[in-house]
Amino acid sequence: MSVFDELKERGLIAQLTNEEKIKDLLSSEKIRFYIGFDPTADSLHIGHFIQVMVMAHMQRAGHIPIILFGGGTAMIGDPSGKSDMRKMLDSETIEYNANQFKKQMSCLIDFSDGKAIMVNNGDWLKDLKYIDFIREIGVHFSVNRMLSAECYKQRLEKGLSFFELNYMVMQSYDFLYLRRKHNCVMQLGGDDQWSNIIGGVDLNRRVDGKEVYGMTFNLLLTSDGKKMGKTESGAVWLDREKLSPYDFYQYWRNIDDADVMNCLKMLTFLPMDEIRKYEKYEGSELNSVKELLAFEVTKLIHSQEDAINARNTAKALFSGAADVDNMPSISIESSDFLDGAISIIDLLAKAGLCLSKGDARRVIKQGGVSVDDVKVKTPFETADMSQFDKGFIVLKKGKKQFVKIILN
RNA sequence: GGGAGAGUACCCAAGUUGGCCAAAGGGGGCAGACUGUAAAUCUGUUGUCAGUGACUUCAGUGGUUCAAAUCCGCUCUCUCCCA
């Protein structure tokens, strides 16, 4: 099966500038394509995951990904679909973030022997001369058309600065630059990038008379149409420091029934033949597919070992047995104790299981906290030094959150 | 540049004859029940803390007052109309 068909069957493709040509191109040639990433955070999150997956699919088929870090454009901020203007970043932060991205992508993308190219658009955008730029590039953009683009609609109601309007022009110029310099003939991106991508396709044709292509893939949405990956504590990060492999695993393990199949197709390399079998699963059968999904995704992003550990820990915890080896943990010192005891509220706060001590109190009152499987009845309870005789205790909040408290 | 209006907690949004306001309602979050570690539903909860009390909040700042989210001055930000 060709990459194109593969991507299509997995439901990754949203829009194409020229379906027939792209299909031919991908099967007859090894092309260079690019995807842009705005390094606005210090870690990728699952919103980026799809893009990396598509890159990986393409790379496995022999095409060469060009990863463009928006060092220049991050200084502006893409207004597409955003309700507010983004804050601007300084160049040290951008560089640091770009390095983090690369590190995380390496688990799916092969960077050896020129199999992938990394560029930073700051390298060419920063030195542009304003007058030259608007004369050569700016003339090709119709403001009327830009304003009618879907992605600016929301901003037109709330206000859009000239500054941000330039984002599309910059991104289009990137494409022109990459085609000239790296013979890059295709740009991929999330479906929200469609306007920006066709901007670049048009620009290549108008300025150099060259035909290039654009392809967007579906955003990772939940069945009710919201962007996936927002949790109470923020985005679902791929960085293990920001979100432990166990929590990462749990995110997928707890996913909505309606989203399981999509995720399996889009976010794993499991063969479609196998995935199709699960399609007719219902009820608790589907529940077991979630375990598979969580395992596969964790394996891709972290490692096989992490995935196995997370699975074991989860299984043990939810079946009642205590495999505490891989549970999130924190350490406390004997100096944290007062008269040989420490309050449960303090432990909850230290473990990050509550937003505030008032929150901790509330949860306890509602019967949501237990220590070593013994329910905490009142907010005044304490944990005794003697309860740590095996070196740790397991603090549980709600049904799914466990933290091992280790006494040093 | 001229004129009109707005800024309330995570978000939306009431409240502006000054006290009964830590602030209605909805969404979201969290916990409990029921379940399949899902969804739906029901219940409770949702500023902070040393929690029957104290403290800090209603864009910022300075006033008036025994008392201000509410009244007055200035500042900032946003939206709309005119240029």
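Quick note on labels: first sequence line is chain A, next is B, and so on, each numbered from 1.
Remark: Arg179(A) fails to qualify as a cation-pi partner of Tyr34(A) under the 6.0 Å distance and 45° angle criteria applied to the six-membered ring. With a 6.0 Å cutoff to the six-membered ring centre and a 45° limit on the axis angle, Lys21(A) does not count as a cation-pi contact of Tyr213(A). Judged by the 6.0 Å and 45° rule, Lys390(A) forms a cation-pi pair with Phe392(A).
Between the P atom of G51(B) and the NZ atom of Lys365(A) lies a distance of 10 Å, rounded to the nearest Å. Nucleotide A39(B) holds its P atom 8 Å from the CG atom of Asp257(A), rounded to whole Å. As rounded to whole Å, 8 Å separates atom C1' of G29(B) from atom CG of Leu355(A). Atom P of nucleotide G36(B) and atom CD of Glu291(A) are separated by 16 Å, given to the nearest angstrom. Lys315(A) has its NZ atom 17 Å from the P atom of G36(B), to the nearest Å. Look at CG on Asp359(A): it is 14 Å from P on C10(B), rounded to the nearest Å. Taking atom NZ of residue Lys396(A) and atom P of nucleotide C30(B), one finds them 16 Å apart after rounding to whole Å. Rounded to an integer number of Å, the gap from Tyr251(A) OH to A38(B) C1' is 13 Å.
Annotation: of the two residues near RNA chain B, Phe380(A) and Leu286(A), the 5′-most nearest-nucleotide partner is Leu286(A).
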Report, one pair per line, the protein and nucleotides 33-35 of chain B atoms (nitrogen or oxygen only) whose separation is under 3.5 Å.
residue	atom	partner	partner atom	Å
C34(B)	N4	Lys399(A)	NZ	3.3
U35(B)	O4	Lys399(A)	NZ	3.2

Table of protein N/O atoms under 3.5 Å from nucleotides 45-47 of chain B N/O atoms:
residue	atom	partner	partner atom	Å
U45(B)	O4'	Gln366(A)	OE1	3.4

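Remark: Lys400(A) is in phosphate contact with A38(B), judged by side-chain N or O atoms under 4.0 Å from OP1 or OP2. Under 4.0 angstrom from either OP1 or OP2 of A31(B) there lies at least one side-chain N or O belonging to Gln401(A).
Atom C1' of A83(B) sits at a distance of 48 Å from the matching atom of G29(B), rounded to the whole Å. Using C1' as the reference atom, C66(B) and U61(B) are 23 Å apart when rounded to the nearest Å. Taking atom P in both A67(B) and U77(B), one finds a spacing of 32 Å when rounded to whole Å. Only the C1' atoms considered, U56(B) is 10 Å distant from A22(B), to the nearest whole Å.
Within the structure, the side chain to side chain donor-acceptor pair (under 3.5 Å) test picks out the following pairs touching residues 360-370 of chain A (sequence neighbours left out): Asp359(A)-Arg362(A).
By the 30° and 60° cut-offs, the orientation of the rings of Tyr173(A) relative to Tyr177(A) is tilted.
Backbone-only contact: Gly367(A) has heavy atoms under 4.0 Å from sugar-phosphate atoms and none from a base. Across all strands, Ile364(A) comes closer than 4.0 Å to no nucleic acid atom at all (heavy-atom distances). Across all strands shown, Lys290(A) has heavy atoms under 4.0 Å from base atoms, whether or not it also approaches the sugar-phosphate. Gln250(A) comes within 4.0 angstrom of a base, heavy atoms only.
Checking A31(B), U37(B), C49(B) against every side-chain atom of Lys357(A), the shortest atom distance belongs to C49(B). Comparing C30(B), U37(B), A38(B) against the side chain of Ala314(A) picks out U37(B) as the nearest. Of all nucleotides listed (C30(B), U37(B), A50(B)), A50(B) comes nearest to the side chain of Arg361(A). Residue Arg253(A) places its side chain closer to U37(B) than to any other of U37(B), G36(B), A50(B).
Every residue was checked against the side chain to side chain donor-acceptor pair (under 3.5 Å) condition with Lys299(A), not counting sequence neighbours, and none meets it. Evaluation of the side chain to side chain donor-acceptor pair (under 3.5 Å) rule for Asn218(A) yields no partner, not counting sequence neighbours. Residues meeting the side chain to side chain donor-acceptor pair (under 3.5 Å) test with Asp306(A), sequence neighbours left out: Arg240(A), Ser303(A).
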Just do the side-chain hydrogen bond (donor to acceptor under 3.5 Å, both in side chains) check on Asp174(A) and Trp124(A) with the steps written out, would you?
-> CA-CA 8 Å; Asp174(A) 285 343; Trp124(A) 59 85; 2.8 Å; yes

side-chain hydrogen bond (donor to acceptor under 3.5 Å, both in side chains) between Gln187(A) and Gln193(A), intermediate numbers included | CA-CA 10 Å; Gln187(A) 181 181 180; Gln193(A) 292 299 309; over 6 Å; no

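Pairing partner, C80(B): G3(B), with both Watson-Crick or wobble hydrogen-bond distances short of 3.5 Å. The partner of A24(B), taking Watson-Crick or G-U wobble pairs whose two distances both stay under 3.5 Å, does not exist in any strand shown. Pair check for A31(B) finds U43(B); Watson-Crick or G-U wobble, both atom distances under 3.5 Å. Summarising the base pairing, A59(B) is matched to U75(B) through a Watson-Crick or G-U wobble pair whose two defining distances lie under 3.5 Å.
A side-chain hydrogen bond (donor to acceptor under 3.5 Å, both in side chains) with Ser43(A) is found for one member of Lys103(A), Gln100(A), Glu241(A), Gln104(A) and no other, namely Gln104(A).
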